[in-house]
Amino acid sequence: MRILITAGGTREYIDPVRFISNASSGRMGYALVRAALRAGHKVTLITAPTGQRPPKGAKVVEVETAAQMFESLKKHFEKCDCLIMAAAVSDYTPTRTAKTKIKKSNKSLVLKLKPTADILKWAGKHKRKKQIVVGFALEDRDLRQNAEIKLKEKNLDMIIANTSAAIGAGKSTVQIKTPDHKWLRFLQATKATVARQIIREVESISG
Ligand code: CTP
């Protein structure tokens with residue numbers, strides 16, 4: 001299969017040297033790239049900045065912001081058989097980015113943010129028949145209920161749910177659901193193990 005994977009936390013710039021981001025390490029996304037390559041798939045990775053080494057054998061596209069990730073994804077989505085959206089995309093971005101570095105003052109500074117596009121929702125809406133779209137859900141309460149809402153609302157073929165304890169961690173408890181099957185649970189599994197399992201599940205859906 002041709003698998004498109006996104007990874008890393010996007011950066012939303014306030015001025016040329018400052019940005020809003022999140023604690024995503026990119027480890028899950030990169031583990032997925034390695035697992036997919038090992039299973040013989042063709043992989044394109046769209047990655048926001050991470051401390052990870054670029055995996056050999058995948059086509060790598062580097063982006064920074066949610067808007068750039070969306071643009072790149074729209075370019076590559078049509079040619080893939082499966083999208084796995086492991087990136088931690090910022091839900092908000094500053095309404096404007098200052099052209100020059102903001103100088104400090106004694107007054108409080110108010111940042112105005114606007115919502116970014118939901119890339120995964122766009123993919124779920126525009127997918128072809130047989131194209132597989134996989135999303136992640138990071139939930140700190142009502143994990144299964146909230147993840148199932150995302151599965152339905154974003155028209156996904158699989159959702160991988162975990163808690164915020166997974167961010168930056170080597171091991172985590174992950175739960176996986178497809179529309180037609182019960183929840184699968186992986187207790188304290190490494191990201192490499194979870195990645196292998198996700199690729200296997202994707203292969204079984206694709207038939
Ligand atoms: N996602 C996306 N575009 C966004 C935000 C999120 O494509 N602007 C994707 C993520 O890559 C992930 C999934 O949506 O695969 C769910 O992300 P999550 O942060 O758990 O949920 P949200 O949809 O952002 O909802 P909320 O933060 O309110 O839980």
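In each ligand, atom 1 is the first atom listed, and ligand 1 is the first ligand listed.
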Measure the distances from the heavy atoms of K154 to every atom of ligand 1 and state whether one is below 4.0 angstrom.
yes

With atom 3 (N) of ligand 1 as the reference point, say which of T10, T6, I119 has the nearest heavy atom.
I119

G135 neighbourhood, listing ligand 1 atoms whose heavy-atom distance to it stays under 4.0 Å:
15 (O)

Quick check on contacts: which atoms of ligand 1 are under 4.0 angstrom from a heavy atom of T116?
8 (N)

Would P115 count as a contact residue for ligand 1, given that I'm defining contact as a non-hydrogen atom of the residue lying under 4.0 Å from a ligand atom?
no

For atom 16 (C) of ligand 1, what's the nearest protein heavy atom and its distance?
F136 O, 2.8 Å

Tell me: protein heavy atom nearest atom 9 (C) of ligand 1, and distance?
L120 CB, 3.8 Å

With a cut-off of 4.0 Å, which atoms of ligand 1 are near a heavy atom of A117?
3 (N), 4 (C), 8 (N)

Taking 4.0 angstrom as the limit and counting only heavy atoms of A137, give me the atoms of ligand 1 inside it, by number and element.
20 (O)

Who's the nearest protein heavy-atom neighbour of atom 10 (C) of ligand 1, and how far?
A87 O, 3.5 Å

Are S90 and ligand 1 in contact, using a heavy-atom cut-off of under 4.0 Å?
yes

Selection from D118, D91, L138 by shortest heavy-atom distance to atom 5 (C) of ligand 1
D91

Measure from atom 18 (P) of ligand 1 to every heavy atom in M85, K150, M69 and give the option owning the shortest one.
K150

